[in-house]
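Read the structure below first, then the notes.
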Amino acid sequence: QEGTLGRKHDLEGPGKKASNRSWNSLYCVLKPGQLCVYKDSKSFGHAVTFHGEDPLALDGAGWEPLANYKKKKHVFKLRLRDGGEYLFQCKDEEELQRWGAAMSQA
Ligand code: I3P
């Protein structure tokens, strides 16, 4: 599963707010056990991650649609094992379901 999603870094760790809280449009690529983000599909082709970010490890991670988040629609929260949290915005409910299904298999 891969595609462009909005992303916001919410927590860096348990109770620790991320310093850069802006939304970015990023090319997201799900690989076995990890999620990698790139500026766009071209950067993915060159294997250059967004801001040199390491892949997000998905073992022990949890995923949930954020139904109560009013500011944007079709948003899910990814909670990492280390307590880090990211929000991802999909373009519609179908895409949200697709990412959810892929996440639970990754
Ligand atoms: C952030 C940006 C985000 C907003 C976040 C702001 O400012 O406006 O969209 O999150 O609010 O800090 P900046 O771009 O200057 O970093 P929401 O869209 O969820 O409101 P927050 O700090 O309350 O999360």
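Position 1 is the first residue of the sequence, and the numbers go up from there. Order of appearance sets the numbers: ligands from 1, and atoms from 1 within every ligand.
Here the side chain of Glu85 pairs no donor or acceptor atom with the backbone of Leu78 at under 3.5 angstrom. The backbone N or O of Lys73 lies less than 3.5 Å from a partner atom in the side chain of Gln89, making a donor-acceptor pair.
By the 3.5 Å distance cut-off applied to N or O atoms, Lys17 is not counted among the residues near ligand 1.
The aromatic rings of Tyr38 and Phe44 sit tilted, their planes meeting at an angle between 30° and 60°.
For atom 8 (O) of ligand 1, the nearest protein heavy atom is 4.0 Å or more away.
Among all protein heavy atoms, the one lying closest to atom 12 (O) of ligand 1 is Arg21 CB, 3.8 Å. The shortest contact between atom 19 (O) of ligand 1 and any protein heavy atom is with Tyr69 OH, 2.3 Å. At the top of the distance list for atom 15 (O) of ligand 1, counting protein heavy atoms only, stands Ser22 OG, 4.4 Å.
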Subject >> Evaluation steps, salt bridge (Lys or Arg N to Asp or Glu O under 4.0 Å), between Arg7 and Glu53 >> reply: CA-CA 13 Å; Arg7 190 199 69 173; Glu53 285 187 18; 2.7 Å; yes

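Leu11 and His9 get closest at one heavy-atom pair: O-NE2, 3.1 Å.
Each of the atoms 9 (O), 17 (P), 18 (O), 19 (O) of ligand 1 lies under 4.0 Å from some heavy atom of Trp23.
Among Lys8, Lys72, Lys71, Gln89, the residue whose heavy atom sits closest to atom 4 (C) of ligand 1 is Lys8.
Cation-pi geometry between Lys71 and Trp23 is not met: the NZ or CZ atom fails to fall both under 6.0 Å from the ring centre and inside 45° of the normal.
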